[in-house]
Amino acid sequence: MPDGLYHQPRGGVRTHDAGDPAGPSDGIPLKAQTIAGKPRRAGLVSGMGSKGTMGGRMFGAGEQIENRRQAEMASYAILDTPAESEFDDIVNVASEVCGMPVPLISLLDGERQWFKAETGFGQSETPLSQSICAYAVQQDDVFEIEDLTQDTRTSNNSLVTGGPRVRFYAGAPLRTPDGVALGALCVLDTKPNKLTPSQAFVLRTLAHQVVTTLELRRSLRLRKESDRRNKAILESAVDYAIVSMDLKGMVTSWSPGAERILGWDEAAMCGKPAHVFFTEEDVSTGIPEQEMASALLHGRGTDERWHLRKDGSLFWANGEMVPLRDEDGRHEGFLKILRDRTEQRNAAAKEQADAAFMRGVLSSSADCIKVLDPDARLTFMNEGGLTVMEADGLDQVRGRDWTDFWHGQARADAKSAFWAALAGGTGHFQAPADTLKGTPKWWDVQVTPIRGADGQPERLLVVSRDITRQRASEQLIADSEKRWRGLFEGMQEGFFSGEIIRSDNGRAIDCRLVEINPAFAAQSGLPADTVGRTIREAIPDIPDWLIETYARVVDTGTPEVFDIAVPELGRTFEVRAYREAGQRFAAMFIDVSERKQAEARRAALAELGDRLRNTNDRAEIARVASEILGRTLRLSHAGYGAVDHDRETIVIGEGWTVPGIPSIGGVHGFRDYGTYIESLKNGHAVIINDVTDDPRTASDADALAALHVRSLLNLPLMEHGRFVALLYALKDVPYAWKPEEISFANNFADRTRAALARIDAEERQRTLNLELSHRMKNMLAMVQSIATQTMRTATDLDAAKEVLAGRLIALSKSHDLLLGGEMGAAPIKTLIEGALQTHADNPNRFVLDGPTFTVGAKAAMSLSLMLHELATNAAKYGALSTANGQVSINWLLRDVDGEPHCALRWSEAGGPAVAPPTRTGFGSRLIGRGLAGNFGGEVDLSYPRDGVVCTIDAPLAGLQAEDAPRTAH
């Protein structure tokens, strides 16, 4: 037979011959054996080593069997218990029947075998390595080794080789009803031996008795434990009223819970009818009997109703009644279990009310409240949501994918919120989406999980709030903020917000810049990163009064307006400061430089008018005007220069110069400082912002720099189209001249010219008055001379009257011509004849000779006045005062330095002897200045004895000019 297999001898005892192989060594399992025609499992033993020794644990299934055996052993609670007579009697019977000196009840426990009962062995346990029972537990029946010394599994066992020198072993496995071998009931002998079949039967029967005893012990222990537990349950179930009744409904037991809930104690209730805790209405309608009948008929009767306590109060309870039966199944009574559910009922009622309230809230809420399943499909939407979504009903949206309502980035946001909530968090986003009818709206959406009993999200709650108006308002606010921020950033006015910093005693010592706009940064020259710093850090020399002013605004709450000048920038700002909150204030800087400069210019013009109004001194006018002009425009030089065309120079007098810079008074050539003289001659202003890069002055920049000139404004002063003087305004730094400054300079020049013109007009008026007086005298003398001459040659009174009247009319016309100035351009001979017509009392009075050319209007007037004055003097004192006197007027053209000139000579003859005057009268002065000042001509008046001679020499161009300049005085 193969190793490890045992034959089944007759009588059911398995034996092993000494000569057979060692059997199931090395942990190899035995094959299943058959006893009484039923298959049995062959067990695996733990700790069976090679060559028959018990040296270690089996592997695989053996370890599982060992774990199962230990679990079963623990359920019996037998290990390490004291000796008990039931088990001692069993081993004694086995010893007697088998005639063996040593009987054992051996239980295998891990690495040891423990003996519940033994006789003649003297030990309570041995190591598992000495166990022979470990082989018996692998068998399904009695296991027997006749001579242990001859079996390879036991020959080296210390129990065999040493004391007590065991030679025979027979053991029956102690197998539980579940088939787990706990150990063995065995007998040992010190000599080889063999069991009879009847002895084997007894040994097998006693092994069953051991297991039965163990089972009984366990059952009793479990029953006691169950009774204890049941009692504990009854005593601890204070929330339940547990009442047992007999078949008539009389109380047989009353739990502590019943006493607590109902109020009666067990002594008072035993033998009493249980219907005492039912209400009168329920008792009268037979509710207790109906419950007992239901329990008998259906196995249980349930109810949920009001019940009565001992104190008469009512409580709501749910109850169950079940029939009680004896061990034979006969009905012997009832068990009634009640639980006080008053709080739960009230809570349920409240929950129902809350649910109704919530349904009302959901119905009335304008928010769109939805419930989604884990696939994001809609399962619920409140009425308010259906309204705001413009849905016809829930069926229109039920089952739809909620994320499909969104588009673009909004859909991505919706999905992110959905997954966040499905993971147990909260999703939130704001996005646009149309209603079902296409109305565009903005929504604020929050997605939260609805958790199941296991705490995991099983559905999702979505609350979408219509924020279309809010979004529109926010957009308006954002647009407004953007607009105002744009205004703040783009406004020309500087703005800053500050916070007052105080010392320990409360005195304002500094302020911190909280916010500044670009305009303020540009105005102050402070960079944008100055925010956060203090003003003194940014501007160390800031005046104390400014800090004190801001502090006063904060302290009083009263806004203040004041000006502040920034010389470094050449600007003036109007500051409007007001309090914000706490120690905060704000200040707006309005650049009023142009306004201040305009005011300064207006003030300068007013000052100029005041100071020039009462002066007739030309030098004083020039000095005052230069000083005011220079101070107002912050010039380095200002003044007037007289033009000398012949020498091509400009003569600058005293002028005005800023302190610390040398004066530029003196004579300057037309082209000493640039190539712009022709512009001045033509009456055009010359404006140069930087002489170093302007092509008109770049080559002469060094010469200008020597005069401390970097920019200039030159205005020509014209008289009758001729450049006669220069108003200059100079700066020692490059400067962009503003139109209003140029206009101011022109206005300044006009007012200065007006002051000078006033002086000229006053002088002309004085001259005119003198001339008028002189002419009146001359006219009277002329009338007298005409009358005398007329009467001298008249033949009769009527003829004299007629001639005299004609001559007086001619005199009147000549006078009108001279005073009215209505003479136009005319040939020179016609001009002379017209001027002398009044004195032509006979054809030979005047002899005229010279070439023909045209004389301009203004020159004709001056020439007529001179001729008229010469003729008047001749009529009073000279050749025309006698009947035979004669005047010769000759003129010719000649070249002078390449320019044509006209020379005209007046000479008298035939009049009284002439003597030079002792003083120069007005008439002589009028003749003397003649054309000299106006047209660059010269007049020479001499007094030979034979008659007065007057020579006039003037440039032809001046005589022919249509609009000659006024007479300079």
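Counting begins at 1 with the first residue of the sequence.
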Not counting sequence neighbours, which residues clear side chain to side chain contact (heavy atoms under 4.5 Å, CB included) with P739? List them please. none
Can you name the residues that form a side chain to side chain contact (heavy atoms under 4.5 Å, CB included) with A749, not counting sequence neighbours? L717, L727, R753
Partner residues of E620 under the salt bridge (Lys or Arg N to Asp or Glu O under 4.0 Å) criterion, sequence neighbours left out: R623
Pairing residues for D672 by the side-chain hydrogen bond (donor to acceptor under 3.5 Å, both in side chains) criterion, not counting sequence neighbours: none
Partner residues of E574 under the side chain to side chain contact (heavy atoms under 4.5 Å, CB included) criterion, sequence neighbours left out: V561, D563, R576, I590, V592, R595
List the atom pairs, donor and acceptor, that lie under 3.5 Å between side-chain atoms in residues 604-611 and the rest of the protein, sequence neighbours left out.
| unit_1 | atom_1 | unit_2 | atom_2 | d |
| --- | --- | --- | --- | --- |
| E607 | OE1 | R631 | NH2 | 3.3 |
| E607 | OE2 | R611 | NH1 | 3.2 |
| E607 | OE2 | R631 | NH2 | 3.2 |
| D610 | OD1 | R613 | NH1 | 3.1 |
| D610 | OD1 | R613 | NH2 | 3.4 |
| R611 | NH1 | E627 | OE1 | 3.3 |

Tell me, please, which residues at least two apart from D510 pass side-chain hydrogen bond (donor to acceptor under 3.5 Å, both in side chains). T534
Any idea how F496 and Y550 line up, ring-wise: parallel (<30°), tilted (30 to 60°), or perpendicular (>60°)? perpendicular
According to salt bridge (charged side-chain N to carboxylate O under 4.0 Å, His left out), does anything in residues 695-718 pair up with another residue at least two apart or in another chain? List the pairs. D690-R710, D694-R696
Residues in side chain to side chain contact (heavy atoms under 4.5 Å, CB included) with S636, at least two apart? V658, I661, L730, D732
Sorted by chain and number, sequence neighbours left out, side-chain hydrogen bond (donor to acceptor under 3.5 Å, both in side chains) with T752 holds for Y640
Quick one: list whatever passes ring pair (Phe, Tyr, Trp, His ring centres under 6.0 Å) with H708, sequence neighbours left out. none
Describe, in one word, how the ring planes of H668 and Y673 are oriented to each other, choosing from parallel (under 30°), tilted (30 to 60°) and perpendicular (over 60°). tilted
Fit a plane to each ring of F670 and H645, take the angle between them on a 0 to 90° scale, and name the class: parallel (under 30°), tilted (30 to 60°) or perpendicular (over 60°). perpendicular
Please list, chain by chain and in numerical order, all residues satisfying side-chain hydrogen bond (donor to acceptor under 3.5 Å, both in side chains) with E899, sequence neighbours excluded. none
Classify the angle between the aromatic ring planes of F520 and F589 as parallel (below 30°), tilted (30 to 60°) or perpendicular (above 60°). perpendicular
